[in-house]
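Heads up: the structure comes next, in structure tokens.
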Amino acid sequence: MVTGMDDLNSLPASAARQALAACCSSQAWVAAVEAGRPYASIGDLLAASDAAVAALGEADLREALDGHPRLGERQVTGWSSQEQAGVSGDDAQARAALADGNAEYEQRFGHVYLACATGRSAAGLLAFLRERLANDPETEWRVVAAELAKISRLRLRRLTGGAA
């Protein structure tokens with residue numbers, strides 16, 4: 001179990017990769033962030049994460065998306081359940097509208113709708129989804145990468161005991 005930056009820096013490579021994979025499912029991201037150890041600060045770790053996300057291609061982003069449940073699903077566990085806490089408190093109608101939006105988004109883009117859900121309600125996530133439906137695929141991949149970077153930062157802070 002990682003309890004801080006020193007722990008992350010001192011883990012054997014395989015254990016560090018396993019810990020990092022809980023933050024992002026892209027093996028390219030995991031390899032890049034693990035290879036940058038040791039990190040002098042959380043800021044350095046977050047900068048490495050941002051750079052790793054920026055370097056991901058479409059196949060790597062799809063792999064990262066495989067680690068994220070649909071927003072608003074009922075059986076969400078782990079960090080996703082904390083991140084989607086604002087959605088779980090919403091009424092059934094709002095969650096149903098988000099589920100319909102998820103289906104429309106997936107049909108349009110061919111992958112799960114990814115948004116940093118921390119602090120957002122189902123209505124807010126649905127409004128963001130609706131805005132993004134107007135994007136062309138190339139623009140949408142850039143938005144996906146930006147949202148993945150936000151989520152990865154939050155998860156790295158949790159992993160290392162920093163404030164989310």
Side-chain angles (χ1 to χ4, degrees), residues 1-73 75-87 98 102 105-106 108-120 124-125 128-129 131-133 135-164:
M1 174 161 179
V2 176
T3 59
M5 286 297 299
D6 291 339
D7 283 352
L8 179 62
N9 284 333
S10 65
L11 285 174
S14 62
R17 285 191 299 272
Q18 184 177 3
L20 291 167
C23 299
C24 180
S25 297
S26 164
Q27 291 305 303
W29 180 91
V30 169
V33 174
E34 188 276 323
R37 294 179 317 138
Y39 293 102
S41 68
I42 186 69
D44 290 344
L45 174 61
L46 299 178
S49 173
D50 290 346
V53 170
L56 297 179
E58 184 178 320
D60 300 315
L61 288 169
R62 284 187 185 278
E63 183 179 36
L65 290 173
D66 288 343
H68 292 272
R70 283 179 187 85
L71 289 168
E73 282 191 343
Q75 283 98 22
V76 178
T77 61
W79 284 338
S80 291
S81 67
Q82 294 170 15
E83 294 159 359
Q84 293 189 35
V87 175
L98 183 56
N102 281 332
Y105 179 95
E106 287 179 32
R108 165 97 168 88
F109 293 110
H111 57 79
V112 70
Y113 165 57
L114 182 74
C116 184
T118 300
R120 287 180 155 158
L125 288 165
F128 189 38
L129 181 151
E131 290 172 20
R132 289 170 56 183
L133 284 171
N135 289 341
D136 61 84
E138 183 179 324
T139 299
E140 186 54 22
W141 279 120
R142 286 193 301 270
V143 176
V144 167
E147 293 300 303
L148 180 64
K150 291 176 195 175
I151 294 165
S152 298
R153 284 174 149 265
L154 288 168
R155 291 178 176 187
L156 285 168
R157 285 186 182 278
R158 285 188 194 108
L159 178 70
T160 59

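Computed from a predicted model, the values in this text were never measured in an experiment. Numbering of residues begins at 1 and proceeds along the displayed sequence.
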Measure the [atom1]-[atom2] distance between [X] and [Y] for me, rounded to the nearest 0.5 Å.
| X | Y | atom1 | atom2 | result |
| --- | --- | --- | --- | --- |
| Lys150 | Leu148 | NZ | CG | 11.5 Å |
| Arg157 | Ser49 | CZ | OG | 11.0 Å |
| Tyr105 | Asn135 | OH | CG | 8.0 Å |
| Leu45 | Arg153 | CG | CZ | 9.0 Å |
| Leu8 | Glu34 | CG | CD | 9.0 Å |
| Leu56 | Gln27 | CG | CD | 11.0 Å |

Are [X] and [Y] close enough that some pair of their side-chain heavy atoms sits under 4.5 Å apart?
| X | Y | result |
| --- | --- | --- |
| Leu98 | Arg70 | no |
| Ile151 | Leu114 | yes |
| His68 | Glu147 | no |
| Val144 | Arg132 | yes |
| Arg62 | Asp66 | no |

Salt bridge Arg108-Glu140, side-chain N to carboxylate O under 4.0 Å
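Looking at Glu140 together with Arg108, the answer is no, because their closest N to O distance does not fall below 4.0 Å.
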
Applying salt bridge (charged side-chain N to carboxylate O under 4.0 Å, His left out), can you list everything that pairs with Glu63, at least two apart in sequence or on another chain?
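By the salt bridge (charged side-chain N to carboxylate O under 4.0 Å, His left out) rule, Glu63 matches no residue at all.
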
Partner residues of Glu138 under the salt bridge (charged side-chain N to carboxylate O under 4.0 Å, His left out) criterion, sequence neighbours left out:
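With sequence neighbours excluded, Glu138 shows a salt bridge (charged side-chain N to carboxylate O under 4.0 Å, His left out) to Arg142, given in chain and number order.
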
At their closest point, which heavy atom of [X] faces which heavy atom of [Y], and how far apart are they?
| X | Y | result |
| --- | --- | --- |
| Leu154 | Cys116 | CD1-SG, 3.5 Å |
| Trp141 | Leu65 | CZ3-CD1, 3.9 Å |
| Ala115 | Leu125 | CB-CD2, 3.8 Å |
| Leu129 | Tyr113 | N-OH, 3.3 Å |
| Ala52 | Val33 | CB-CG2, 4.0 Å |

Give a yes/no verdict on a cation-pi contact between Arg120 and Phe128, requiring under 6.0 Å between NZ or CZ and the six-membered ring centre and an angle within 45° of the axis.
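Verdict for Phe128: a cation-pi partner in Arg120.
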
Backbone N or O of Tyr39 within a donor-acceptor pair of the Asn9 side chain at under 3.5 Å?
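Flag set: sc Asn9 to bb Tyr39 pair under 3.5 Å.
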
List the atom pairs, with distances to 0.1 Å, where a side-chain N or O of residues 15-26 and a protein N or O form a donor-acceptor pair under 3.5 Å, not counting sequence neighbours.
{"from": "Ser26", "atom 1": "OG", "to": "Ala28", "atom 2": "N", "distance (Å)": "3.3"}
{"from": "Ser26", "atom 1": "OG", "to": "Trp29", "atom 2": "N", "distance (Å)": "3.2"}

